*Asks:* 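Handing you this structure, nothing more for now.
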Amino acid sequence: AALSSSAAEGEEDPLIEQVVGGGDELGELDAEAHFASFERRFGRTYRDAGERAYRMSVFAANLRRARRHQRLDPTATHGVTKFSDLTPGEFRDRFLGLRRPSLEGLVGGEPHEAPILPTDG
Amino acid sequence: LPDDFDWRERGAVGPVKDQGSCGSCWSFSTSGALEGAHFLATGKLEVLSEQQMVDCDHECDASESRACDSGCNGGLMTTAFSYLMKSGGLQSEKDYPYAGRENTCKFDKSKIVAQVKNFSVISVNEDQIAANLVKHGPLAIAINAAYMQTYIGGVSCPFICGRHLDHGVLLVGYGSAGYAPIRFKEKPYWIIKNSWGENWGEKGYYKICRGPHDKNKCGVDSMVSSVTAIHTSKK
């Protein structure tokens, strides 16, 4: 669902075009070329042709996601990174790792509350 | 408060590291804050061990005995500071190198390099965060990493970004204005050290906007803690 192309998707986007070919949908050839470049750049190898085909489909979805991020976050640059062959779920599970604090920690009454520091002058 | 501030220019920030495929971001955020605090206490920058926390820190929240630090399955910086206060301190990276997976604890008390004197949780106020950064050194912070998987550079300032926190990183400085490559919009920003290696982001760093129009973007102001260190003479 995250990848449904909204009406806005049609807009041209100069930045992402450096990464992804023109037009809204990714041509098969386009995705293959970008994926091959990604494999070389990050030294990726996959178990077999099936795994590679799956990873390329994830990669293509992430290119569309990068384009969406670029639109939502225009003051940054978004595109292909070393995580571009991972689903958002795999990325979260493997490369983050912040545990949710217990409710008490969130609610406040924190025993380690920092004193207010002067910020003028 | 200075308009711009960057602890990297003052020698308080160690090299960018890579947590690998392991949910140990919390230990990198914790070690980075203690490296800075140790530098302020001793004038020496020691590269400290995350693996000791991944293997040995199973500290639980004071109020919830099931919410505990657990290696590659996640942890919390404030709980890690509590563990370090109880364990006596943290060994160096050299003595306890990073493995990227949880192993049995091999903590050696005689090799402690840095000790936590105390830690504090800072309110969700950008001036207070900046003041604590300048006073206590790099701060352990949490953030929502939704835009970081595709981030290449520039100042991130998404129109829409959730504030539920899922990643622990290190706040090392702030800038008064940065340029986006295409749109030349000036945005004041936080400078954040990540733990995904130098071949991610801006040589391992991430910039996210701050300031009156962009408060708490992606939850970046919501969970900020500082740590102070004691000078430990090496035995």
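Worth saying up front: this structure is predicted, and the values here are computed from it rather than measured. Numbers restart at 1 for each chain; the letters A, B, ... are given by sequence-line order, proteins then strands.
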*Asks:* Could you look at B/Cys68 and say if it's the side chain, the backbone, both or neither that has a heavy atom under 4.5 Å from chain A?
*Replies:* backbone

*Asks:* So B/Ile152 and A/His78, side chain to side chain contact (heavy atoms under 4.5 Å, CB included) or not? Walk me through it.
*Replies:* CA-CA 5 Å; B/Ile152 291 179; A/His78 289 272; 5.9 Å; no

*Asks:* So, the side chain of A/Asp73 versus the backbone of B/Ser156: is there a donor-acceptor pair under 3.5 Å, distance only?
*Replies:* no

*Asks:* Mind jotting down which residue pairs meet the salt bridge (charged side-chain N to carboxylate O under 4.0 Å, His left out) criterion with at least one end in residues 49-58 of chain B? Sequence neighbours excluded, please.
*Replies:* B/Lys17-B/Glu50, B/Asp55-B/Lys106

*Asks:* Do A/Leu98 and B/Met77 come within less than 4.5 Å of each other through their side chains, counting heavy atoms only?
*Replies:* yes

*Asks:* Which residues from residues 81-96 of chain A are near chain B, with near meaning under 4.5 Å between non-hydrogen atoms?
*Replies:* A/Thr81, A/Lys82, A/Phe83, A/Leu86, A/Thr87, A/Pro88, A/Phe91, A/Arg92, A/Arg94, A/Phe95, A/Leu96

*Asks:* Quick one: ring pair (Phe, Tyr, Trp, His ring centres under 6.0 Å) partners of B/Tyr205, sequence neighbours excluded?
*Replies:*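 None.
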
*Asks:* Could you tell me whether the side chain of A/Glu113 reaches within less than 4.5 Å of the side chain of B/Ile122, counting heavy atoms only?
*Replies:* no

*Asks:* Can you tell me which portion of B/Asn144 sits under 4.5 Å from chain A's heavy atoms? Options are side chain, backbone, both or neither.
*Replies:* neither

*Asks:* Can you tell which of B/Trp196, B/Trp200, B/Trp26 has the highest number of heavy-atom pairs within less than 4.5 Å of chain A?
*Replies:*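 Looking at each option in turn, the highest pair count goes to B/Trp196.
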
*Asks:* What's the shortest heavy-atom distance between B/Asn132 and A/Ala114, and which atoms?
*Replies:* OD1-CB, 4.3 Å

*Asks:* Name the option with the most non-hydrogen atom pairs under 4.5 Å to chain A; the candidates are B/Ser21, B/Gly20, B/Ala131.
*Replies:* B/Ser21

*Asks:* CG of B/Leu133 to CG of A/Leu117: how many Å apart, nearest 0.5 Å?
*Replies:* 11.0 Å

*Asks:* Would you indicate whether the side-chain heavy atoms of A/Asn62 and B/Gln149 approach each other to under 4.5 Å?
*Replies:*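 Heavy-atom side-chain distance check passes, below 4.5 Å.
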
*Asks:* Are side-chain N/O atoms of B/Ser70 and A/Arg99 paired as donor and acceptor at under 3.5 Å?
*Replies:*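 Note: B/Ser70 and A/Arg99 side chains miss the donor-acceptor criterion.
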
*Asks:* Find out whether A/His112 and B/Thr78 are in side-chain contact, i.e. whether some heavy atom of one side chain is under 4.5 Å from a heavy atom of the other.
*Replies:* no

*Asks:* Looking at residues at least two apart in the chain, or sitting in another chain, which of them share a ring pair (Phe, Tyr, Trp, His ring centres under 6.0 Å) with A/Phe42?
*Replies:* A/Phe38

*Asks:* Between B/Tyr147 and A/Leu72, does a side chain to side chain contact (heavy atoms under 4.5 Å, CB included) hold up when you go through it step by step?
*Replies:* CA-CA 10 Å; B/Tyr147 285 79; A/Leu72 289 168; 3.5 Å; yes

*Asks:* Relative to chain A, which of B/Gly168, B/Ala130, B/Cys22 shows the most heavy atom pairs under 4.5 Å?
*Replies:*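 Sorted descending by pairs with chain A, the first entry is B/Cys22.
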
*Asks:* Is B/Asn118 close to chain A through its backbone or its side chain, or both, or neither, when contacts mean heavy atoms under 4.5 Å?
*Replies:* side chain

*Asks:* Under 4.5 Å between any side-chain heavy atoms of B/Thr150 and A/Gln70, yes or no?
*Replies:*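 No. Closest side-chain heavy atoms not under 4.5 Å.
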
*Asks:* Name the member of B/Ser29, B/Gly201, B/Cys25 that forms the most heavy-atom pairs with chain A at distances under 4.5 Å.
*Replies:*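 The residue among B/Ser29, B/Gly201, B/Cys25 with the greatest pair count is B/Cys25.
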
